[in-house]
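What follows is a short report on a single structure.
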Protein chains: 2
Amino acid sequence: MNSEHNRGNGTGNGESKHHSVLDTLGLEITSGVLEEGRVLTLDTIQERFDVSRTVARETMRLLESKGLVVSRRRVGITVRPTASWQVYDPRVIWWRLAGPGRDSQLRSLTELRIAVEPLAAAAAARHAGAAERARLVELATAMRPLGEAGRLDPFNDLDVELHSLVLRASGNEMFAALTDVVAAVLRGRTQLGLMPDRPVPEALDLHEAVALAVADARHQDAEEAMRLLLSEVRDAMVPLGAPGGR
Amino acid sequence: MNSEHNRGNGTGNGESKHHSVLDTLGLEITSGVLEEGRVLTLDTIQERFDVSRTVARETMRLLESKGLVVSRRRVGITVRPTASWQVYDPRVIWWRLAGPGRDSQLRSLTELRIAVEPLAAAAAARHAGAAERARLVELATAMRPLGEAGRLDPFNDLDVELHSLVLRASGNEMFAALTDVVAAVLRGRTQLGLMPDRPVPEALDLHEAVALAVADARHQDAEEAMRLLLSEVRDAMVPLGAPGGR
DNA sequence: CCGCTCAATTGGTAACACCTTTCAGTGAGG
DNA sequence: CCTCACTGAAAGGTGTTACCAATTGAGCGG
């Protein structure tokens with residue numbers, strides 16, 4: 001439970017010192033163990049992780065650039081409130097998904113997906129290359145038997161690839177930059193058991209509909225199919241008490 | 001050699017050394033002056049900016065965490081391709097908006113707005129507090145006379161506040177985190193002369209419609225009005241390559 | 001063609017001077 | 001006795017230098 005730092009021991013040499021202390025601190029802050037207003041100092045970081053001042057400082061700088069802390073003279077390194085975190089930073093997302101706030105994080109990211117992916121599908125229908133269109137159809141058709149057989153893991157892999165491909169093929173870098181996020185959401189959802197035992201048939205149909213619409217450059221259809229697919233996704237998530245009801 | 005620190009420079013004392021070198025390097029990379037594959041070393045950075053190794057290193061770490069460079073032993077600090085940049089990092093966005101790619105950046109961000117803001121409006125219609133609803137209506141009604149008079153700057157200020165408020169009131173932190181981006185887009189658009197001399201009447205109507213729908217908790221209407229408003233925005237953008245300069 | 005050595009460059013440590021900011025203590029005045 | 005302003009010292013980040021270790025690409029020699 002206590003984090004012993006594997007210093008110099010054979011296996012885990014690779015990751016630079018920064019990485020381990022950054023991850024530890026990042027996790028502790030995002031998970032609330034180090035709550036807002038808590039003050040650290042470089043000295044305590046040095047001592048706690050047994051690293052040099054340089055490493056402590058560079059780590060602090062990284063945390064600061066992610067909005068997790070602020071460093072001020074004479075006072076130290078203060079943990080900042082949630083509102084100032086850089087929530088699009090991949091590492092921040094990762095930390096939050098790994099911590100206790102995972103569920104709510106998954107929900108806000110899903111809402112983001114609902115916003116972005118339909119437009120990305122429409123854009124992909126306009127801009128995708130021939131190979132990408134073909135691959136999409138291939139993926140969607142391959143998903144059906146896996147889904148019907150309830151083989152969730154390989155199904156999930158294809159699902160991730162399909163959604164990532166749509167985002168990348170959209171031609172908008174802001175959309176494309178969300179591939180990792182979407183992948184994390186999709187993976188996290190199954191790992192967390194938020195998925196039904198096997199995908200509902202509509203989901204299979206809709207994946208196919210999206211792929212075909214993109215392949216045929218029917219951008220309006222692609223957008224609508226993706227929208228339906230995602231509202232399906234939202235409804236399938238375990239409720240948090242929201243009536244929903246579109 | 002002898003370090004006469006130019007520390008006493010009158011005006012710009014505040015910003016730490018990092019800031020200036022980080023901004024310079026960040027701008028040069030995002031603008032393409034330092035193209036992909038270009039290799040820097042800590043020594044050259046030290047020399048060029050007359051800073052210590054510590055500052056050079058910490059700056060490099062920041063650039064690395066933004067995906068702009070990668071640092072490897074024996075080889076140096078290599079500029080990474082556009083695809084690996086953290087395009088949601090506020091500073092990266094800022095650099096790109098300040099550089100020659102401003103126009104295309106503005107376009108991809110606008111597409112992101114089109115995706116996100118309608119959903120944010122719908123969410124705001126559900127979750128906003130009473131004060132927020134009132135403020136929205138207030139803003140929208142105040143915008144009309146300014147718009148009709150062609151007073152673009154104050155109009156723009158209210159516009160920024162309205163859109164920011166919607167995003168914040170949505171209750172989704174991923175949406176809320178885009179306020180700065182949206183503000184930058186709105187401001188950049190007028191500064192760049194991409195706006196018509198005075199807002200079209202439909203825009204004024206739609207702002208009001210959004211505000212009223214949110215205030216009345218009509219989430220479907222709010223979403224639709226925001227969608228119309230943004231498609232208006234997209235259509236109003238001067239097509240690629242148009243001369244700016246108002 | 002392969003392996004060896006060398007040198008370049010980052011990774012990491014240590015010690016230091018300096019500057020800013022805070023806070024406690026002190027004294028005067030009400 | 002209480003309050004407020006000043007003052008001075010300490011705390012802690014900022015920035016610098018020097019140094020060694022680890023890594024690895026490149027050239028050289030067999």
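Just so it is clear: chains get the letters A, B, ... in the order the sequence lines come, proteins before strands, and each one is counted from 1.
- Residue contacts for A:R53: at a heavy-atom cut-off of 4.0 Å it reaches a base atom on one of the strands shown.
- In this structure, the CG atom of A:D50 is 8 Å from the P atom of C:dA14, given to the nearest Å.
- By the 4.0 Å N-to-carboxylate-O rule, A:E111 lies too far from B:R126 to be salt-bridged with it.
- Checking C:dT9, C:dG11, C:dT13 against the side-chain heavy atoms of B:R61 singles out C:dG11 as nearest.
- Comparing D:dT17, D:dG25, C:dT10 by their closest approach to the side chain of B:T54 singles out D:dT17.
- With DNA chain C read from its 5' end, the first of the two nearest nucleotides for B:I77 and A:V51 is the one closest to B:I77.
- Between B:R187 and B:N156 the shortest side-chain heavy-atom distance falls below 4.5 Å.
- What separates CG of A:L42 from P of D:dG15 is a distance of 12 Å, to the nearest Å.
- Between B:R168 and B:E132 there is no salt bridge, since none of the side-chain N atoms of the basic residue sits less than 4.0 Å from a carboxylate O of the acidic one.
- Across the protein-nucleic acid pair, B:L40 atom CG and C:dA8 atom P stand 18 Å apart, rounded to whole Å.
- Atom CZ in B:R113 sits 9.5 Å away from atom CG in B:L109 (nearest 0.5 Å).
- Along DNA chain D, the nucleotide closest to A:R74 and the one closest to A:E64 are compared, and the more 5′ of them pairs with A:R74.
- Candidate nucleotides C:dG12, D:dA11, D:dG13 were compared by shortest atom distance to the side chain of A:K17, and C:dG12 ranks first.
- In this entry the distance linking CZ of A:R57 with P of C:dC16 reads 16 Å, nearest Å.
- Summary of the strand contacts: A:Q46 and B:D43 both lie near DNA chain C, and taking for each the nucleotide with the nearest heavy atom, the more 5' one is attributed to B:D43.
- Taking side-chain N and O atoms only, B:S71 has a distance below 4.0 Å to OP1 or OP2 of C:dG11.
- The aromatic rings of B:Y88 and A:Y88 sit parallel to each other, their planes meeting at less than 30°, with 60° as the upper class boundary.
- Contact check, B:S52 against D:dT16: a side-chain N or O comes under 4.0 Å of OP1 or OP2.
- For A:H18, a side-chain nitrogen or oxygen approaches OP1 or OP2 of C:dG12 to under 4.0 Å.
- A:E47 has its CD atom 15 Å from the P atom of C:dT13, to the nearest Å.
- A donor-acceptor contact under 3.5 Å is formed by the side chain of B:R73 with the base of C:dT10.
- For B:E58 and C:dG11, the CD to P distance is 13 Å, given to the nearest whole Å.
- Counting to the nearest Å, the C1' atom of D:dG13 and the CD1 atom of A:I45 are 12 Å from each other.
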